[in-house]
Protein chains: 2
Amino acid sequence: MLKAQVTLFSKTCEYGIRAAVYLASQSVLSRKVSLKEVAKEIDSPEAYTSKILQKLVKGGVIVSEKGPTGGFSIEANQLAYVTLEQVVLAIDGNELFVKCGLGLKQCNDKAPCPMHVKFKVIRDELQDMLRSTTVVELSKRIDEGLGFLKN
Amino acid sequence: MLKAQVTLFSKTCEYGIRAAVYLASQSVLSRKVSLKEVAKEIDSPEAYTSKILQKLVKGGVIVSEKGPTGGFSIEANQLAYVTLEQVVLAIDGNELFVKCGLGLKQCNDKAPCPMHVKFKVIRDELQDMLRSTTVVELSKRIDEGLGFLKN
DNA sequence: TTAATAAAGGATATGTAGGTCTATTATTTG
DNA sequence: CAAATAATAGACCTACATATCCTTTATTAA
């Protein structure tokens with residue numbers, strides 16, 4: 001009875017970030033990666049991951065090439081600039097950064113709900129964190145054995 | 001295609017917080033409130049709100065009395081101590097405060113995912129905010145016209 | 001002691017995030 | 001060009017959060 005899901009990021013977004021970080025780890029090696037490999041390396045369902053990667057492509061976060069020798073990657077000149085915020089925005093849009101914590105539609109800075117001010121502080125810090133963190137930075141930790149992307 | 005829900009709190013939790021804040025606003029006036037009134041005042045589905053209030057009762061956050069003149073309330077001697085954290089814990093448990101941001105099961109302080117350290121900072125700040133915010137404090141803002149609980 | 005009121009609780013329905021399947025399109029190489 | 005490889009795309013399925021319905025239990029007061 002009444003089990004509520006409670007995660008900061010949606011599952012979709014979790015996969016998206018993991019995928020982007022993995023792609024970054026391979027793109028620094030100038031490797032393109034197939035959907036199959038991404039799904040395997042981040043332990044995600046392949047078909048679903050396909051949809052997520054498509055969104056990242058449409059959002060300009062990653063690029064894709066069809067055919068044999070094709071695959072997904074982050075462009076070399078973009079690598080240093082792709083942030084977690086871009087990934088989240090491409091997948092979920094900016095709702096996470098603007099929506100009322102209590103789910104109230106007319107809540108905003110001018111007409112705030114009672115939790116607004118305190119909530120905004122946290123939400124802004126989350127956004128700052130995501131904006132100032134690059135996927136390639138996170139991928140480096142994996143190389144150093146200070147992190148992993150699969151279960 | 002691929003629409004992801006992206007909210008910090010589950011809908012259930014949003015209703016729960018709004019309900020608790022409304023109950024606080026009335027409990028300072030020594031008023032007990034019926035389910036119907038709660039649902040009306042926080043603009044939530046009545047039957048569903050019933051389940052949520054039951055959880056808050058079981059979690060010891062609020063109390064209930066049956067029969068005519070019955071209703072829900074926060075005990076007078078508890079009013080100053082009921083925090084948003086307690087409400088969230090009663091409804092969703094502590095997952096929000098412990099789960100990996102990337103959804104990785106074995107991620108923890110000792111064996112962190114690449115996002116762990118930065119994520120933990122935000123998550124802890126969120127928990128601190130919830131722990132240091134009482135529902136009665138938020139209810140005061142409504143009285144002062146500095147907030148609302150319904151759409 | 002019965003009628004009215006209100007919460008509790010179980011069973012059931014709905015909507016949407018999450019996930020799958022299959023056909024199509026693009027590209028490469030022999 | 002044909003065969004193989006890989007992404008794209010749309011339709012479809014599933015599970016669970018969200019929501020409803022209805023019966024039961026507790027309490028009050030006339």
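Labels below follow one simple rule: chain letters A, B, ... track the order of the sequence lines, proteins then strands, and each chain is numbered from 1. Here the structure is a predicted model, which means the values were calculated and not measured.
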D/dT18 OP1/OP2 closer than 4.0 Å to side-chain N/O of B/T12 |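 Yes.
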Can you tell me if the side-chain N/O atoms of B/S34 get under 4.0 Å from OP1 or OP2 in C/dA7?
-> no
So A/F119 and B/F9, would you call those rings parallel, tilted or perpendicular, with 30° and 60° as cut-offs?
->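 Rings of A/F119 and B/F9: tilted, as their planes differ by 30° to 60°.
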Using a heavy-atom cut-off of under 4.0 Å over every strand shown, decide if A/V33 touches base, sugar-phosphate, or nothing.
->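 Since only primed, P, OP1 and OP2 atoms lie under 4.0 Å of A/V33, the category is sugar-phosphate.
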Between [atom2] on [N] and [atom1] on [X], what's the gap in Å once rounded to a whole number?
X     : N      : atom1 : atom2 : answer
A/R18 : C/dG18 : CZ    : C1'   : 14 Å
B/K36 : D/dT20 : NZ    : P     : 13 Å
A/L35 : D/dA9  : CG    : P     : 14 Å
B/L53 : C/dG9  : CG    : C1'   : 14 Å
A/D43 : C/dG19 : CG    : P     : 11 Å
A/D92 : C/dA17 : CG    : C1'   : 11 Å
B/Y48 : D/dT20 : OH    : P     : 10 Å
A/I62 : D/dT8  : CD1   : C1'   : 13 Å

Side-chain atoms of B/K11 come closest, of D/dA7, C/dA8, D/dA19, to D/dA19
Please tabulate the protein-to-nucleotide N/O contacts below 3.5 Å involving nucleotides 10-14 of chain D, giving atom names and distances.
residue : atom : partner : partner atom : Å
D/dG10  : N7   : A/K51   : NZ           : 3.0
D/dG10  : O6   : A/K51   : NZ           : 2.6

Taking protein heavy atoms under 4.0 Å as touching, what does nucleotides 24-30 of chain C look like 5' to 3' if B marks base contact, S marks sugar-phosphate-only contact and - marks none?
-> -BBBB--
Residues of residues 22-32 of chain A with a heavy atom under 4.0 Å from any atom of DNA chain D, listed by number, are none
Which atom names give the shortest non-hydrogen contact between B/D43 and B/K150, and what distance separates them?
->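 Scanning both residues, the minimum pair turns out to be CB-CB, 3.5 Å.
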